[in-house]
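Values reported hereafter were calculated over all heavy atoms of this structure, with side chains retained and with hydrogens, waters and symmetry mates removed.
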Amino acid sequence: MTLEDIKLDVKHLSNEEKELVKKGQALREEAQSLCREEKYDEALDKEVEALRVLREAPDFSAIPFKHALAILLFDLAEIHFMLKDYKQSEKEVEVLFKVLEQLLKEDAEKFGEIHVLAMELSTRILRSRKKTLELLAKQQINTGVLYEKVNAGVAAATDKLVESLRKGAEMMAQTGDYRGAVRFYMEAIKLAKKRTGRVTRREVRMTIDMARVMMHSRTESQRAKRLLAAVLQHAVALESLDLEQEILLMIEKIDSQANHESSWRTFMEKVQHTAKSTLRRVKKQAEQPKDESEAEEPEK
C-alpha cells in the first residue's frame, strides 16, 4: 500500500466541496509526476498550492477535510524527506499524527493505512537524522584538522576546507540547524573568494544553497532575496543559464510566500483551533455516561 492508492471519499460532499477536492487532487497528481522526475522543489510548490485550495473548504471540522489535510501533510513530509530537510519533515509528521489521531477515533480501520505509512515515514526520518548527526560529528573533526593546515600555510588545504565547510553546512541544514548551516556557508564562500580572487560558479552555487536555507526563516527571507539578486549578475556573467533560472525561481518563491503568508497563517490557526475544539468535545463526551443506567446508583 502506498499513499497514491489512498483516495478521498467524496460521496457525502456537496458539489462545491467535490470541486475543491478535484482541484486539489489534480495538483497532487502533478506533484507526484514531478517527484517521479526528481523535481522535488517544483513538486513542493504544487503540494502547497493544493493546501491553499483546501483552505477554501467550508467546514474545517469535517472528516473529508481532515482526510485531505492528512494526505497533503504526508506528501509534504515525504517531499521534504527527499530533499533531506529532515527537521521540516519531522515537523510535518508531528502535525500529521495530530490530525490522524482525530481520524482514527472516527474510523480506525478506514484511516489505519495512512497511519501505518506515517509511522514508517517517521522511522525513516529519525534514522536519517541520527545518521546525519553522526556523519556531521566526523565532518567537523575533519574541518578542524583542515583549519590547522590552512593556518600553517598549506595553500592546497584551502580548497579542501571550503568543501568540508560546504558539506558541514549541508548536513546542519538536514538536521534543522539552519543558523549553523548559514554560518558554515558564509565561511566557505569567504574562503573560496579569497582563494580565487573572484566569484566562480562554486561561490554562486554555495550562495544559492545558503539562501535556500535562509528561506526557512520568515525574518531571513528578504535577506535571502537580496543575496540572490546580488549573485544573479555573477550567474549572468558566467553564462550559467541553469543557475540564473534557479535564482529567478527562488526569488519568485520568496515573493509568493510573502503574499500568502498572512492568509496561510490564519488558515493554520483556524485548523489548530478546530482540532482543539473537536478534541475538547470528544473528551467531554467520553467523560459523560451514555445513559442513566451507566451512572452509579446511590448507596441505600
key: Cluster check Val48, Leu54: I/L/V/M/F/W/Y, side chain < 4.5 angstrom   = yes
key: Shortest non-hydrogen contact from Ala181 toward Ala173   = CB-N, 3.8 Å
message = To the nearest 0.5 Å, what is the distance between CE on Met215 and NZ on Lys225?
response = 11.5 Å
query = Is Leu20 linked to Ile71 within one hydrophobic cluster, defined over Ile, Leu, Val, Met, Phe, Trp and Tyr using a side-chain heavy-atom separation of less than 4.5 Å?
reply = no
message = Show, in sequence, the C-alpha distance, side-chain angles and deciding distance for Leu238 and Leu243, and conclude whether the side chain to side chain contact (heavy atoms under 4.5 Å, CB included) test is met.
response = CA-CA 9 Å; Leu238 292 166; Leu243 295 181; 5.6 Å; no
message = Evaluate Tyr40 against His80 for ring pair (Phe, Tyr, Trp, His ring centres under 6.0 Å), listing each step before the verdict.
response = CA-CA 8 Å; Tyr40 299 121; His80 276 118; over 10 Å; no
query = Taking C-beta and beyond as the side chain, do Phe81 and Glu92 meet within less than 4.5 Å on heavy atoms?
reply = no
message = Quick check: closest heavy atoms across Leu121 and Ala77, and the distance to 0.1 Å?
response = CD2-CB, 3.7 Å
note = Separation between CG (Asp177) and OG1 (Thr132), nearest 0.5 Å, reads 12.5 Å
remark   = Of all heavy-atom pairs linking Val93 and Ser122, the shortest is CG1-CB, 4.0 Å
key: Residue pair Glu163 / Leu146, side-chain heavy-atom distance below 4.5 Å   = no
key: Note, Leu44 side chain near Leu34 side chain (heavy atom, < 4.5 Å)   = no
Rounded distance (nearest 0.5 Å) linking atom CD of Glu47 with atom CG of Leu76 = 5.5 Å
request  = Output yes when Glu120 and Arg124 qualify as a salt bridge under the 4.0 Å nitrogen-oxygen rule, no when they do not.
outcome  = yes
query = Is there side-chain contact between Arg127 and Thr123, with heavy atoms separated by less than 4.5 Å?
reply = yes
query = Between Arg195 and Leu191, does a side chain to side chain contact (heavy atoms under 4.5 Å, CB included) hold up when you go through it step by step?
reply = CA-CA 6 Å; Arg195 178 85 169 93; Leu191 287 168; over 6 Å; no
query = For the residue pair Phe111 and His67, does the interplanar ring angle fall in the parallel (under 30°), tilted (30 to 60°) or perpendicular (over 60°) class?
reply = perpendicular
ask   = Applying the 4.5 Å side-chain criterion to the ILVMFWY set and letting contacts propagate, would Val231 and Met210 be lumped into a single cluster?
value = no
task = Please step through side chain to side chain contact (heavy atoms under 4.5 Å, CB included) for the pair Met172 and Gln140, ending with a clear verdict.
result = CA-CA 11 Å; Met172 284 181 177; Gln140 288 177 321; 3.3 Å; yes
ask   = Taking 4.0 angstrom as the limit, do Asp41 and Arg212 come out as a salt bridge?
value = yes
note = Here the pair of heavy atoms bringing Ala70 nearest to Leu96 is O-CD1, 3.3 Å
key: Heavy-atom check, side chain of Thr175 versus side chain of Lys87, under 4.5 Å   = no
NE2 on His115 to CD on Glu101, rounded to 0.5 Å = 9.0 Å
Ser240 side-chain N/O to Val236 backbone N/O, donor-acceptor pair under 3.5 Å = no
message = Please determine whether a side-chain nitrogen of the Lys or Arg among Arg179 and Glu220 lies less than 4.0 Å from a carboxylate oxygen of the Asp or Glu.
response = no
ask   = Is the number of heavy atoms from other residues, nucleotides or ligands under 6.0 Å of Glu239 CD greater than 12?
value = no
ask   = For the atom pair CG (Leu228) and OG1 (Thr207), what is the distance rounded to the nearest 0.5 Å?
value = 8.5 Å
ask   = With distance as the sole criterion, is a donor-acceptor pair present between the side chains of Glu106 and Gln102 under 3.5 Å?
value = no
key: More than 12 heavy atoms of other groups within 6.0 Å of Glu252 CD   = no
key: Minimum-distance pair of heavy atoms, taken over all atoms of Ala224 and Ala211   = CB-O, 3.7 Å
Result of checking Gln32, Glu30, Lys39 against Lys46 for side chain to side chain contact (heavy atoms under 4.5 Å, CB included) = Glu30
query = How far does CD1 of Ile141 sit from CG of Leu136, to the nearest 0.5 angstrom?
reply = 10.0 Å
key: SB check Arg166 Glu170 (cutoff 4.0 Å)   = yes
query = Are the side chain of Ser164 and the backbone N or O of Lys160 linked by a donor-acceptor pair below 3.5 Å?
reply = no
request  = Taking the side chain as every heavy atom from C-beta outward, state whether Glu246 and Arg205 have any atom pair closer than 4.5 Å.
outcome  = yes
request  = Decide, yes or no, whether a salt bridge links Arg52 with Glu49 under the criterion of side-chain N to carboxylate O below 4.0 Å.
outcome  = no
ask   = Given the rule that I, L, V, M, F, W and Y join up when any side-chain heavy atoms are under 4.5 Å apart, are Met171 and Val182 in one cluster?
value = yes
task = Give a yes or no on whether Glu38 atom CD has more than 12 heavy-atom contacts from other residues, nucleotides or ligands under 6.0 Å away.
result = no
note = Heavy-atom nearest pair, Ile247 first then Ala235, reads CD1-CB, 4.0 Å
request  = Would you indicate whether the side-chain heavy atoms of Leu103 and Asp107 approach each other to under 4.5 Å?
outcome  = no
Min side-chain heavy-atom separation Val162-Met206 under 4.5 Å = yes
query = Is Phe74 linked to Leu104 within one hydrophobic cluster, defined over Ile, Leu, Val, Met, Phe, Trp and Tyr using a side-chain heavy-atom separation of less than 4.5 Å?
reply = yes
query = Do Ser33 side-chain atoms and Glu29 backbone N/O form a donor-acceptor pair below 3.5 Å?
reply = no
query = Does the pair Thr196 and Glu203 meet the rule for a side chain to side chain contact (heavy atoms under 4.5 Å, CB included), with working shown?
reply = CA-CA 10 Å; Thr196 61; Glu203 287 78 66; 4.0 Å; yes
